[in-house]
Amino acid sequence: MLAVAMLQIVCSAVLADGRSTVEQLSSRFQSLSVDHGWQSDTIYTYPPEHDLAIRAWRTAQRGEALWILAGIHGEEPAGPNAIARSLPSIIELAASGVPVVVIPLCNPKAYRNNWRYPNTPERDWRKGGYSVGDAEYLLPDVETGARPRAAAPVGPETRALTEFALRLAESYPPLLVLDLHEDELSAEGGYIYSQGSQAADNPVGAEVIRLLQASGIPIRQSGRTRFDEPIVDGVISHDDKGLPIRDGSIDELLAATAMFMNGAKTPGPSARTVLVVETPAFAGSKFELRVAAHSAVIQRLRELWRLNSTMR
Ligand SMILES: [Zn+2]
């Protein structure tokens, strides 16, 4: 009981940070359809009593696209709130002819609960939590590449989200992917993960780091993450062994050149650039500052898209 009471105290304190509710966010995102003619898709629906769904919005125009994901982890609210506040920048880029896919709140159930995972308040994944973005059942095994890394999707949302992403990638091939996260264990600063055909020295990644820094987020310039990955000027492009990042996530999937579908190895979505933006969200960090940092990235989409287009 004490633990439950403590949790409630922690949650109510965190939720007083100014973040929008799921309903407020959803109504903002839905304006993409209502006011701007975007198409919306329901990826996954929770039982009716939860009144929750994972949804995507996409431009009518298809083709090589910008993808924006956020809210994979429910206790990382800055990304979804930044998207809701910066929709005009996304709409403007789309109006200039760039196909766009937005999945702005990938884990609404955990967002509502201020949990990391949809199925448990435990933050430690070893205690039964699964990620809605886990793509290991589609990604090649690390050692041999000859079979999938996992036998099955870890949860129903996970299956729905990854299958939806792959289906959509056929008509909206991801060229640039931004996945907005936060790191509540980092008190030292922000950083990004970079994957794709030019993971290191990626000009889009360098610009994102500059934007985070300019908005007041300290950046981890060097050293190593808690997973021993080297950080170079705020960017993590390789794992502790110098190999490409293989975190088993939907980000790795969107960057993957090979994957498994129904037991057969096939080409993956092969996004040129996949950036996972991580703002430091330790207790005591300022929510508004973190939202402003993610918003600065979104407000610069036109330039990020241009930089990505120059990398052939
Ligand atoms: Zn995260």
Side-chain angles (χ1 to χ4, degrees), residues 41 43 56 58-59 61-70 72 93-94 97-103 106 131-150 153 158-181 192-208 229 235-239 242-277 301 304-312:
D41 305 278
I43 299 171
R58 57 191 161 92
T59 52
Q61 180 164 346
R62 299 170 180 227
E64 289 189 315
L66 166 72
W67 286 49
I68 306 173
L69 313 179
I72 292 268
L93 182 73
V98 177
V100 181
V101 173
V102 186
I103 314 177
C106 292
S131 173
V132 297
D134 189 318
E136 292 205 310
Y137 77 105
L138 297 161
L139 288 163
D141 154 79
V142 173
E143 271 77 42
T144 65
R147 56 182 177 271
R149 215 173 290 173
T158 309
R159 175 192 289 277
L161 180 61
T162 48
E163 285 183 352
F164 174 82
L166 290 180
R167 209 162 50 240
L168 216 61
E170 289 172 16
S171 40
Y172 298 80
L175 203 56
L176 171 60
V177 179
L178 299 175
D179 185 2
L180 308 181
H181 281 249
I192 65 172
Y193 281 98
S194 176
Q195 301 178 66
S197 56
Q198 190 182 320
D201 300 318
N202 183 305
V204 189
E207 177 66 6
V208 168
E229 301 146 331
V235 182
I236 300 153
S237 58
H238 291 87
D239 70 9
L243 297 168
I245 300 294
R246 284 176 296 191
D247 57 7
S249 70
I250 194 168
D251 309 302
E252 184 186 343
L253 177 66
L254 290 170
T257 53
M259 64 177 185
F260 280 89
M261 285 288 271
N262 305 317
K265 204 166 189 179
T266 62
S270 309
R272 184 181 301 164
T273 301
V274 179
L275 301 178
V276 176
V277 181
L301 282 177
L304 299 178
W305 181 259
R306 191 194 66 77
L307 284 170
N308 195 56
S309 305
T310 62
M311 308 166 30
R312 285 281 177 189

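- Between the Asn308 side chain and the Leu175 main chain, a donor and an acceptor come within less than 3.5 Å of each other.
- Closest approach of Gly268 to Ser270, counting heavy atoms only: O-OG, 3.0 Å.
- A 4.5 Å side-chain heavy-atom check between Val274 and Asp179 finds every atom pair outside the cut-off.
- For the atom pair CZ of Arg159 and CG of Asp134, the computed distance is 12.5 Å after rounding to the nearest 0.5 Å.
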Trace of the side-chain contact (heavy atoms from CB on, under 4.5 Å) decision for Leu69 with Leu254
CA-CA 11 Å; Leu69 313 179; Leu254 290 170; 4.1 Å; yes

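- Within the 3.5 Å criterion, the main-chain N or O of Ala135 finds no donor-acceptor partner in the side chain of Thr158.
- No donor-acceptor contact under 3.5 angstrom links the side chains of Asn202 and Ser194, judged on distance only.
- Residues Tyr193 and Ser249 have side chains that never bring a donor and an acceptor to within less than 3.5 angstrom of each other.
- Of the residues listed (Val208, Ile236, Val204), the one engaging Ile192 in a side-chain contact (heavy atoms from CB on, under 4.5 Å) is Val208, and it is the only one.
- From Ile43, atom CD1 reaches atom CZ of Phe164 across 4.5 Å, with rounding to the nearest 0.5 Å.
- By the 4.5 Å heavy-atom criterion applied to side chains, Cys106 and Leu161 are counted as neighbours.
- The nearest pair of heavy atoms linking Trp305 to Glu64 is CH2-O, 3.7 Å.
- A donor-acceptor pair is defined here as one N or O able to donate and one able to accept, closer than 3.5 Å; such a pair exists between the side chain of Tyr172 and the backbone of Thr59.
- Open room surrounds CG on Asp201; 12 or fewer heavy atoms of other groups in view lie less than 6.0 Å from it.
- In this structure, CG on Leu178 lies 13.0 Å from CH2 on Trp67, to the nearest 0.5 angstrom.
- A donor-acceptor pair under 3.5 Å is absent between the side-chain atoms of Lys265 and the main chain of Pro140, judged by distance alone.
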Are Arg149 and Val142 close enough, and set up right, to give a side-chain contact (heavy atoms from CB on, under 4.5 Å), and what steps lead you there?
CA-CA 7 Å; Arg149 215 173 290 173; Val142 173; 3.7 Å; yes

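- A donor-acceptor pair under 3.5 Å is absent between the side-chain atoms of Gln195 and the main chain of Pro244, judged by distance alone.
- Counting all heavy atoms, side chain and backbone alike, Gly63 lies closest to Pro173 at O-CD, 3.5 Å.
- Only one option out of Leu176, Leu301, Val101 pairs with Ile68 in a side-chain contact (heavy atoms from CB on, under 4.5 Å); it is Leu301.
- Taking 4.5 Å as the limit, some side-chain heavy atom of Met261 sits within range of a side-chain heavy atom of Leu166.
- The two residues Gln61 and Gly97 make their nearest non-hydrogen contact at NE2-O, 3.0 Å.
- Closest heavy-atom contact between Asp239 and Glu229: CA-CG, 4.0 Å.
- Here the CD-CZ distance, from Glu136 to Arg246, works out to 11.5 Å after rounding to the nearest 0.5 Å.
- Across Ala200 and His238, no two heavy atoms sit closer than the pair CB-CE1, 4.1 Å.
- In this structure, CD on Glu207 lies 11.5 Å from CG on Leu275, to the nearest 0.5 angstrom.
- Expressed to the nearest 0.5 Å, how far CE of Met259 lies from CG of Leu138 amounts to 7.0 Å.
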